[in-house]
Participant: 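My questions will all concern the structure given below.
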Amino acid sequence: MEDLDQGRFKPGTVRLENPAFVSAEQVKSLPASADLLWVDIREDKPDAGATIPNSIHIPARDLAGKMFLRNKALLLFDNGFAAARNLDLLGQLQAAGFNNVRVLAGGLNAWRHAGGVVSGDSLIHATLDQVSPAQFYAEREFSDIKLLDFSRQAPDKKSDDDLRRLLRQAVAGPGEHQVAAARILLMTDAGLDYDRFRRIADKAGLPPLYFLQGGKQGYRTYLQRQLAVWNRPAEKQGKIVTCGRRRR
C-alpha cells in the first residue's frame, strides 16, 4: 500500500470476508432475546475511558484461556481497525473450542457513529478513530481499506465547503456509490487538521472515518525506522548464531 518515493499508496489485495464480523447496524437489529456477552478486547483497561456499558474487559491475548466463556455467545470489540489481529484471535478461539464468537466490525468507532451508547470520558471518545502507523502497517494488505490522502491538499487554505466537497468525492470515488463497509483512513501531511475533518464529515453524514496519527510524515518515519531495524546486521541485533544455536 505504500509507495512513498512516488507519493502514492498501493491498494491492498487481501479481501476481508468473514461471517464472524458483524456491523453495528446488524447488532442493533438483533432481537432483544439475543443473549450476547460484550467483551472489550483492547489491551488497556477502559476505566474512565470509552467503552460499551455492561461489557467486560478481557485483553485479546488472554481470551482463549478463559475456558468458562467457551459456551457463551461473545461479541468482541475494540477501536475497530485491527482486522488482522482479530482474524488471528478468531482462529485461536475456534481452536480452543469457542464456537459462538462475533466481532463488531468497526468497533467502538462504528458503534458510536451508528448511535450506540458509549460510556466514559467524552474526551476519550475523540481518540477512538486514531490509527497508529504500526496499526496501519499491520493492515496494509487488506483491500477494504480506503485511504483518503489529503497530504497535498493544504486543508488550512480551503474552506469547509471545499473540504466537504472533496471528502464526499474521495469517500465515494469516481463512478462509485458511497462506501459504508470499508475502513476509511484519512491522512494529511503531518497529521494536522483532523478535528476539522472529523467535524465536517460528521455534519455531512459520511461513514465513520479513521485518522492516521502523524500523517504521511509519521508513516514515512515509521517505515524508515523499521527498515533500519530490518537492515541491521545480526550481530548488532544480538542474534549471533553459533553451532546452530542463537545467542542473545
Participant: Heavy-atom count check: over 12 atoms from other residues, nucleotides or ligands less than 6.0 Å from D156 CG?
Facilitator: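 It does: D156 CG has more than 12 such atoms within range.
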
Participant: Do F197 and F150 pass the ring-ring contact (aromatic ring centres under 6.0 Å, His included) test, and can you show the C-alpha distance, the side-chain angles, and the key distance before you say yes or no?
Facilitator: CA-CA 10 Å; F197 276 107; F150 279 79; 4.9 Å; yes

Participant: Are L63 and L69 side-chain neighbours, meaning at least one heavy-atom pair lies under 4.5 Å?
Facilitator: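 Answer yes - side chains close enough.
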
Participant: Considering non-hydrogen atoms only, spot the tightest contact between A114 and K28 and give its length.
Facilitator: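 For A114 versus K28, the nearest heavy atoms are O-NZ, 2.7 Å.
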
Participant: Heavy atoms only: give me the nearest P133-G218 pair and the separation to one decimal.
Facilitator: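 Closest approach of P133 to G218, heavy atoms only: CG-O, 4.0 Å.
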
Participant: When you check the gap from the basic side-chain N to the acidic O, do R198 and D129 get nearer than 4.0 Å?
Facilitator: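 Yes.
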
Participant: Can you confirm whether the side chains of N86 and D78 place a donor and an acceptor under 3.5 Å from each other?
Facilitator: yes

Participant: Is the Lys NZ or Arg CZ of R102 less than 6.0 Å from the centre of F21's six-membered ring, within 45° of the axis?
Facilitator: no

Participant: With a 3.5 Å distance limit and no angle check, can you tell me whether R85 reaches the backbone of A60 through a side-chain donor-acceptor pair?
Facilitator: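 No, R85 side chain to A60 backbone: no donor-acceptor pair under 3.5 Å.
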
Participant: May I ask you to check whether R225 and Y222 show a side-chain donor-acceptor distance below 3.5 Å?
Facilitator: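 Side chains of R225 and Y222: no pair found under 3.5 Å.
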
Participant: Between R220 and Q217 (side chain of the first, backbone of the second, donor and acceptor by atom type, cut-off under 3.5 Å), is there such a pair?
Facilitator: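 Absent.
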
Participant: Do S159 and D161 pair up side chain to side chain, a donor and an acceptor below 3.5 Å, judged on atom types alone?
Facilitator: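 On atom types as modelled, these side chains do not qualify, holding no pair under 3.5 Å.
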
Participant: Is it true that D160 and R196 have a side-chain N and a carboxylate O under 4.0 angstrom from each other?
Facilitator: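 Looking at D160 and R196, the cut-off is met.
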
Participant: Between K216 and D189, is there a salt bridge with N-O shorter than 4.0 Å?
Facilitator: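 Between K216 and D189 there is no salt bridge, as every charged N stays at least 4.0 Å from the carboxylate O atoms.
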
Participant: Among L104, L37, I58, I41, which residue meets the side-chain contact (heavy atoms from CB on, under 4.5 Å) test with L76?
Facilitator: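 Of the listed residues L104, L37, I58, I41, the side-chain contact (heavy atoms from CB on, under 4.5 Å) partner of L76 is I41.
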
Participant: Could you tell me whether R42 and D40 make a salt bridge, using a distance below 4.0 angstrom between a side-chain N and a carboxylate O?
Facilitator: yes

Participant: When you measure from the centre of the six-membered ring of F142, is the NZ or CZ of R15 closer than 6.0 Å and no more than 45° off the axis?
Facilitator: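 No, R15 does not lie over the aromatic ring of F142.
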
